[in-house]
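Worth saying up front: this structure is predicted, and the values here are computed from it rather than measured. Throughout, protein chains are lettered first and strands after them, A, B, ... in sequence-line order, and every chain is numbered starting at 1. Atoms considered below: every heavy atom in the structure, side chains included; atoms not considered: hydrogens, waters and symmetry mates.
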2 protein chains.
Amino acid sequence: MERPAHDHLDALNTVRGGMPQDELLCDLADLFKIFGDTTRMKILFSLFEAELCVHEITALLGMTQSAISHQLKVLKDAHLIDSRREGKTMIYFLADDHVRSIIGQGYEHITEEDKPHEEDL
Amino acid sequence: MERPAHDHLDALNTVRGGMPQDELLCDLADLFKIFGDTTRMKILFSLFEAELCVHEITALLGMTQSAISHQLKVLKDAHLIDSRREGKTMIYFLADDHVRSIIGQGYEHITEEDKPHEEDL
DNA sequence: ATAATATATGAATAAAGAATCATATGAAAG
DNA sequence: CTTTCATATGATTCTTTATTCATATATTAT
């Protein structure tokens, strides 16, 4: 019987060390989950360019006001965007620049992606 | 009637310029969707430390082999991980370093996050 | 060939989540 | 204080998706 090319016990121990706590992993997944929706992605990209009120976003995305409000709430609860009131209207804006850099990294992966990936259907 | 503090037409035009194509936004959302699951996040963190075979990952996460295989497929289809065969076992490993940097950005957002966020329940 | 081990996969189930509809809240104007 | 404009929210519906179960494929050993 040959020694396995791959040392199981060793690998497992190495890995357990670097693994963050379950709660942190869960929080991380929850954060990315928020970027994982086209509507929210569009909202965020919109706010990259300018502060916007709800009905502007609604018009831009061509969706119902309710759908937009629901997603704005999701984004706000995650501290990715924030809002202030201006008379009757609510102005939404990016909470901080992490949003830009997170999306930026994803953007790079998708575009740069060494291009030999047309086999994906 | 006062001029609105917020110039709607102007804002909308500014924004339409910087908005990527629908398909790209969709691809981006799909990419982040993949990070938006605890199981997949754990698999990726595991592979940060070492190349691993399926049953090692299964053991590490304490889940069924089937569940792991299904998620490995998702990750592989997205070109986030890749695999090679070594005898009977399949060894999985990170496809490139984008994975690390994308997760890294998210990690920062969660940890750095100026800390005044205990009101979230 | 057959058995044993390692992994993959299809179908079904169950749970999460996005959009819709109807309605509620909140600010300002008449 | 009633109406109007802007936004928020609860409940329901429909879709997506993660896991499980059973089974299929692939590699090696007997």
K.L.:
Show each protein N/O and nucleotides 7-11 of chain C N/O combination with a separation under 3.5 Å, one pair to a line.
P.N.:
unit_1, atom_1, unit_2, atom_2, d
dT7(C), OP1, Val54(B), N, 3.3
dT7(C), OP1, Met90(B), N, 3.3
dT7(C), OP2, His55(B), N, 3.1
dA8(C), OP1, Tyr92(B), OH, 2.5
dA8(C), OP2, Ser69(B), OG, 3.0
dA8(C), OP2, Tyr92(B), OH, 3.4
dA8(C), N7, Gln65(B), NE2, 2.8
dA8(C), N6, Gln65(B), OE1, 3.4
dT9(C), O4, Ser66(B), OG, 2.6
dG10(C), O6, His70(B), NE2, 2.8

K.L.:
With sequence neighbours excluded, what pairs up with Ser101(A) under the side-chain hydrogen bond (donor to acceptor under 3.5 Å, both in side chains) test?
P.N.:
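By the side-chain hydrogen bond (donor to acceptor under 3.5 Å, both in side chains) rule, Ser101(A) matches Gln105(B).
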K.L.:
Taking side-chain hydrogen bond (donor to acceptor under 3.5 Å, both in side chains) as the definition, give me every residue that meets it alongside Ser83(A), ordered by chain and number, with sequence neighbours left out.
P.N.:
Lys76(A)
K.L.:
Identify, residue by residue, the members of residues 38-50 of chain B with a heavy atom below 4.0 Å from DNA chain D, and return them in order of residue number, or none.
P.N.:
Thr39(B), Arg40(B)
K.L.:
Can you list the residues that meet the ring-ring contact (aromatic ring centres under 6.0 Å, His included) rule with Phe45(B), with sequence neighbours excluded?
P.N.:
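Phe45(B) satisfies ring-ring contact (aromatic ring centres under 6.0 Å, His included) with Phe48(B) only.
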K.L.:
When you measure from every atom of DNA chain D, which of residues 25-37 of chain B have a heavy atom less than 4.0 Å away?
P.N.:
Lys33(B), Asp37(B)
K.L.:
So, is Gln71(A) near the phosphate of dG17(C), with a side-chain N or O under 4.0 Å from OP1 or OP2?
P.N.:
no
K.L.:
Only pairs at least two apart or in different chains count here, so list each salt bridge (charged side-chain N to carboxylate O under 4.0 Å, His left out) that has a residue in residues 11-24 of chain B.
P.N.:
Lys42(A)-Asp22(B)
K.L.:
Can you name the side-chain hydrogen bond (donor to acceptor under 3.5 Å, both in side chains) partners of Gln65(B), sequence neighbours left out?
P.N.:
Ser69(B)
K.L.:
I'd like to check the side-chain hydrogen bond (donor to acceptor under 3.5 Å, both in side chains) partners of Lys88(B); sequence neighbours left out, ordered by chain and number.
P.N.:
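With sequence neighbours excluded, Lys88(B) shows a side-chain hydrogen bond (donor to acceptor under 3.5 Å, both in side chains) to no residue whatsoever.
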K.L.:
Judged by atom type as modelled, is there a donor-acceptor pair below 3.5 Å linking the side chain of Asp97(A) to the main-chain atoms of Arg100(A)?
P.N.:
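Judged by distance alone, no pair lies under 3.5 Å.
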K.L.:
Can you list everything that forms a side chain to side chain contact (heavy atoms under 4.5 Å, CB included) with Phe93(B)? Sequence neighbours excluded, please.
P.N.:
Glu51(B), Asp82(B), Arg84(B)
K.L.:
Using distance only, find each side-chain donor-acceptor pair of residues 26-33 of chain A under 3.5 Å and give its atom names and separation, not counting sequence neighbours.
P.N.:
unit_1, atom_1, unit_2, atom_2, d
Asp30(A), OD1, Lys33(A), NZ, 3.3

K.L.:
For Ala67(A), check side chain to side chain contact (heavy atoms under 4.5 Å, CB included) against everything at least two apart and list the hits.
P.N.:
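Checked Ala67(A) against side chain to side chain contact (heavy atoms under 4.5 Å, CB included); matches are Met63(A), Thr64(A).
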